Amino acid sequence: MKNVVFGILVIFFALLSCRSDEDSLQKIDQLFNLYMKNSAGQDLLNSKKSGSYTAISMNDVNGTTDVAPVTFSLKMTTDSIYYIEYLAGAKRITLDSISPEDRTYQSIIDVTLTRPLTDTTNVQVTDRLKIQYHWTPSLFEVSKVYYNDQLQFTKEPNVPNVVTIVK
């Protein structure tokens, strides 16, 4: 009899612990797409086009070592426009904690872009990408993106995180 009561209590507590609480889920919106074009509108990430970048690398400025590569994907839209898709990978530093329920984090990434100058010479440019995140118990999202200390993106509700840089 004791085993039956104990078994029923174990099953009851197991079911109780599995109940779903929708309010406890946190929405995560940290993916963003980075497009680069020149003033004439040419896609600078399409390495097949003259004057475009042929190599891209990203390094975490706040990484544990000087060389801390950041993972990204070079993708293409259906219109054959290339973009950098960044999800995560760079260390996030707390900028401020307004309260235990509201925080701002920031990642800093050096973006190194290589472009051919001649058939035998390349030019490298290193730009700085700062990504700010807003955190609450119910939401974690990209809030602002700076490129070379210029604000390029501010989050708007229900709008994809798309940053376009004109170089």
Side-chain angles (χ1 to χ4, degrees), residues 26-99 102-167:
Q26 184 183 48
K27 180 182 175 192
I28 298 176
D29 181 19
Q30 66 181 15
L31 174 81
F32 81 88
N33 299 331
L34 179 65
Y35 293 82
M36 288 189 185
K37 62 183 181 177
N38 63 15
S39 57
Q42 176 186 334
D43 178 7
L44 294 177
L45 298 177
N46 185 346
S47 61
K48 296 175 184 164
K49 291 186 177 182
S50 176
S52 294
Y53 300 112
T54 56
I56 304 162
S57 65
M58 298 172 84
N59 189 57
D60 184 1
V61 173
N62 298 315
T64 53
T65 60
D66 288 343
V67 179
V70 175
T71 304
F72 65 92
S73 298
L74 187 61
K75 297 198 171 188
M76 184 175 62
T77 66
T78 55
D79 299 341
S80 299
I81 298 172
Y82 286 83
Y83 63 94
I84 296 170
E85 181 182 81
Y86 174 74
L87 178 61
K91 185 183 259 186
R92 297 180 188 116
I93 305 296
T94 305
L95 282 184
D96 63 44
S97 296
I98 297 170
S99 74
D102 193 348
R103 298 184 198 134
T104 302
Y105 295 94
Q106 178 173 273
S107 295
I108 302 174
I109 300 169
D110 280 344
V111 180
T112 302
L113 305 160
T114 304
R115 175 189 330 225
L117 189 59
T118 66
D119 288 342
T120 57
T121 308
N122 290 327
V123 168
Q124 277 191 341
V125 175
T126 301
D127 294 335
R128 182 147 290 180
L129 178 66
K130 291 182 185 176
I131 309 158
Q132 290 185 357
Y133 301 91
H134 182 236
W135 178 91
T136 65
S138 61
L139 178 67
F140 180 76
E141 67 181 356
V142 172
S143 61
K144 294 180 181 178
V145 175
Y146 295 84
Y147 198 85
N148 290 334
D149 293 322
Q150 299 293 315
L151 181 63
Q152 299 292 325
F153 172 82
T154 302
K155 181 65 180 173
E156 294 179 26
N158 302 316
V159 176
N161 304 327
V162 175
V163 180
T164 302
I165 305 300
V166 178
K167 293 185 70 73

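Bear in mind the structure is a predicted one, so any value in this text is a computation, not a measurement. Positions are given from 1 along the sequence.
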Ser50 backbone acceptor or donor facing Gln42 side chain under 3.5 Å: yes
Pairwise distance CG(Asn62) to CD1(Ile109) - rounded to 0.5 angstrom: 9.5 Å
No-hydrogen, no-angle side-chain donor-acceptor test under 3.5 Å, Thr112 and Thr126: yes
Closest approach of Ala68 to Gly63 (non-hydrogen atoms, all atoms of both residues): CB-CA, 3.9 Å
Ser73 side-chain N/O to Lys75 backbone N/O, donor-acceptor pair under 3.5 Å: no
Side-chain donor/acceptor of Ser143 to backbone N/O of Thr154, under 3.5 Å: no
Rounded distance [0.5 Å steps], CD1 in Ile93 versus OH in Tyr105: 10.5 Å
side-chain contact (heavy atoms from CB on, under 4.5 Å) between Leu31 and Glu85, intermediate numbers included: CA-CA 7 Å; Leu31 174 81; Glu85 181 182 81; 3.3 Å; yes
Presence of salt bridge, Arg128 and Asp110, under 4.0 angstrom: yes
Check: Asp60 side chain, Lys91 main-chain N or O, donor-acceptor pair, under 3.5 Å: yes
Between NZ on residue Lys144 and NZ on residue Lys130, distance to nearest 0.5 Å: 12.5 Å
Lys155 atom NZ, neighbour heavy-atom count above 12 within 6.0 Å: yes
CZ on Arg103 to OG1 on Thr94, rounded to 0.5 Å: 7.0 Å
Donor-acceptor side-chain pairing of Asp96 and Thr104 below 3.5 angstrom: yes
Val142 and Asp29: CA distance, side-chain angles, deciding distance, side-chain contact (heavy atoms from CB on, under 4.5 Å) verdict: CA-CA 6 Å; Val142 172; Asp29 181 19; over 6 Å; no
Asn161 side chain to Asn33 side chain, donor-acceptor N/O pair below 3.5 angstrom: no
Closest approach of Val163 to Ile165 (non-hydrogen atoms, all atoms of both residues): CG1-CD1, 3.8 Å
Heavy-atom side-chain proximity of Tyr53 to Asn46 below 4.5 angstrom: no
Main-chain N/O of Ile81 paired to Asp79 side chain as donor or acceptor, under 3.5 Å: no
Validation row: Thr77, Tyr35 side chains within 4.5 angstrom (heavy atoms): yes
Donor-acceptor side-chain pairing of Arg92 and Gln30 below 3.5 angstrom: yes
Approximate separation, where rounding is to 0.5 Å, of Tyr147 OH and Thr164 OG1: 12.0 Å
Where Ser80 and Asp43 come nearest, the two heavy atoms and their spacing: O-OD2, 4.0 Å
Contact summary for Phe72 and Ile56, nearest pair of heavy atoms: CZ-O, 3.6 Å
Worked verdict on Gln152 versus Gln150 for side-chain contact (heavy atoms from CB on, under 4.5 Å): CA-CA 6 Å; Gln152 299 292 325; Gln150 299 293 315; 3.5 Å; yes
Side-chain heavy-atom pair Leu129, Asp127 within 4.5 angstrom cut-off: no
OH on Tyr82 to CE on Met36, rounded to 0.5 Å: 15.5 Å
Closest non-hydrogen atom pair, Leu45 against Leu34: CD1-O, 3.7 Å
Heavy-atom neighbours of Lys167 NZ exceed 12 at 6.0 Å: yes
Output field: ring centroids Phe32/Phe153 closer than 6.0 Å: no
Donor-acceptor under 3.5 Å (Ser107 side chain, Ile131 main chain): no
side-chain contact (heavy atoms from CB on, under 4.5 Å) between Arg115 and Leu117, intermediate numbers included: CA-CA 6 Å; Arg115 175 189 330 225; Leu117 189 59; over 6 Å; no
Backbone N/O of Thr54 and side chain of Thr114: donor-acceptor pair under 3.5 Å: no
Nearest non-hydrogen partners of Gln26 and Thr136, listed with the distance: NE2-O, 2.8 Å
